[in-house]
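Below: one structure, written as structure tokens.
Treat the numbers as computed from the prediction; the structure is a model and nothing was measured. Proteins come first, then strands; the chains are lettered A, B, ... in the order of their sequence lines, and each starts at number 1.
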2 protein chains.
Amino acid sequence: MARGANASARVIACCGAPGDRSLDITQATELAHAFAALSDPVRLRLLSLIATSRNGEVCACTMVEALDRSQPTVSHHLKVLREAGLVTSDKRGTWMWYRAVPERLAAVRAALG
Amino acid sequence: MARGANASARVIACCGAPGDRSLDITQATELAHAFAALSDPVRLRLLSLIATSRNGEVCACTMVEALDRSQPTVSHHLKVLREAGLVTSDKRGTWMWYRAVPERLAAVRAALG
DNA sequence: CGACAATATCGACATCTGTCAATATATCCA
DNA sequence: TGGATATATTGACAGATGTCGATATTGTCG
């Protein structure tokens with residue numbers, strides 16, 4: 001479901017790349033989706049909560065409490081993060097536990113240089 | 001005019017930071033603005049064109065030709081990139097020349113880890 | 001000055017996005 | 001089985017965003 005998880009396009013030129021061309025439409029659209037997932041304060045705080053958690057995972061219920069948003073809104077944002085491949089979810093009982101995907105974060109970071 | 005150019009907030013925990021807390025609302029909003037500037041395919045292609053150019057700068061007229069968008073649209077996107085601090089512009093005669101701001105790109109990249 | 005060229009701004013419009021209340025779905029427990 | 005809890009989905013709506021045509025602004029050159 002996570003789209004663009006295998007993209008390696010870069011905004012700035014890489015270490016003497018052969019072609020050394022700028023992004024084409026497909027690459028740009030793919031990358032734009034990733035950045036769009038990061039372009040909301042609520043989502044950034046969610047991702048931050050998850051990525052900096054002690055045991056590496058956070059229950060959705062915790063996040064609804066932490067952020068000043070309704071439960072449906074938080075659920076929506078978590079879905080966006082998941083579809084962008086930035087987090088994964090694991091349902092255990094009634095609770096939904098979220099984990100960050102460091103490789104995906106690294107991939108997006110790499111696209112910036 | 002460029003907002004948030006001095007932010008050093010990170011989504012994931014930094015090298016044993018003292019507080020080790022997640023983003024607050026202010027930091028998250030600031031970062032979100034930066035990512036929002038990167039969340040459009042046209043803007044990514046513009047930034048890519050600029051950042052990978054031979055002499056480090058690109059004339060606006062070149063970009064209007066390169067992308068399949070109207071002149072007002074390209075002008076709008078360049079303005080967004082400029083206000084995000086990702087590029088700078090320099091008017092020489094009738095032409096407007098754009099340059100990337102590597103430090104700003106690095107700062108955004110650093111926020112991802 | 002006046003014609004031309006490059007860029008920016010304005011106004012309008014369709015689409016996308018964030019938000020919440022209401023509701024549905026899934027799971028646990030008594 | 002039935003009630004309670006956690007999460008997801010739906011529907012609606014306001015506000016933001018990308019786009020273009022028309023126009024304004026700025027600078028060059030005869």
TODO: With a 4.0 angstrom cut-off to heavy atoms of chain A, pull out the first and last contacting nucleotide of DNA chain C, in 5'-to-3' order.
DONE: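 Both ends considered, the range comes out as dG18(C) to dC28(C).
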Open item on the list: Using a strict heavy-atom distance below 4.0 Å, which residues from residues 66-75 of chain B are in contact with DNA chain C?
Closed with: Gln71(B), Pro72(B), Ser75(B)
[X]: partners by side chain to side chain donor-acceptor pair (under 3.5 Å), with sequence neighbours left out:
X: Asp90(A); answer: Arg92(A)
X: Asp68(A); answer: none
X: Ser70(B); answer: Thr73(B)
X: Tyr98(B); answer: none

Task: Nucleotide interval of DNA chain D bounded by contacts with chain B (heavy-atom cut-off, under 4.0 Å) - done: dG18(D) to dT28(D)
Open item on the list: Just verifying a value: how many Å separate Arg69(A) CZ and His77(A) NE2, rounded to the nearest 0.5 Å?
Closed with: 7.0 Å
TODO: To the nearest 0.5 Å, tell me how far Arg99(B) CZ sits from Asn55(B) CG.
DONE: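 So the gap between those two atoms works out to 7.0 Å.
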Set of side chain to side chain contact (heavy atoms under 4.5 Å, CB included) partners for [X], sequence neighbours left out:
X: Cys61(A); value: Cys59(A), Trp95(A)
X: Ala34(B); value: Arg104(B), Val108(B)
X: Ser75(A); value: Gln71(A)

- [ ] Classify the nucleic acid contact of His77(B) as base, sugar-phosphate or nothing, counting any heavy atom under 4.0 Å across all strands shown.
- [x] sugar-phosphate
Task: Close approaches to DNA chain D from residues 89-100 of chain A, in residue order (heavy atom, under 4.0 Å) - done: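 The stretch gives Thr94(A), Trp95(A), Met96(A), Tyr98(A) as the residues lying under 4.0 Å from the strand, ordered by number.
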Task: Matching residue for Arg82(B) among Val101(B), Thr88(B), Val87(B) - test: side-chain contact (heavy atoms from CB on, under 4.5 Å) - done: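 Between Arg82(B) and the candidates, side-chain contact (heavy atoms from CB on, under 4.5 Å) is satisfied uniquely by Val87(B).
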Task: Joint hydrophobic cluster, Ile50(A) plus Leu67(A), side-chain heavy atoms closer than 4.5 Å - done: yes
Open item on the list: Using only atom types and a distance under 3.5 Å, with no angle test, would you say the side chain of Glu65(B) pairs donor to acceptor with the backbone of Thr62(B)?
Closed with: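 No; judged by distance alone, with no hydrogens or angles, the pair does not exist.
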Task: DNA chain C: 5'-proximal contact among Val64(B) and Ala36(A) (nearest heavy atom) - done: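 On the 5' side of the pair lies Val64(B).
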Task: Connected hydrophobic set around Ile25(A), excluding itself, where side chains approach under 4.5 Å - done: none
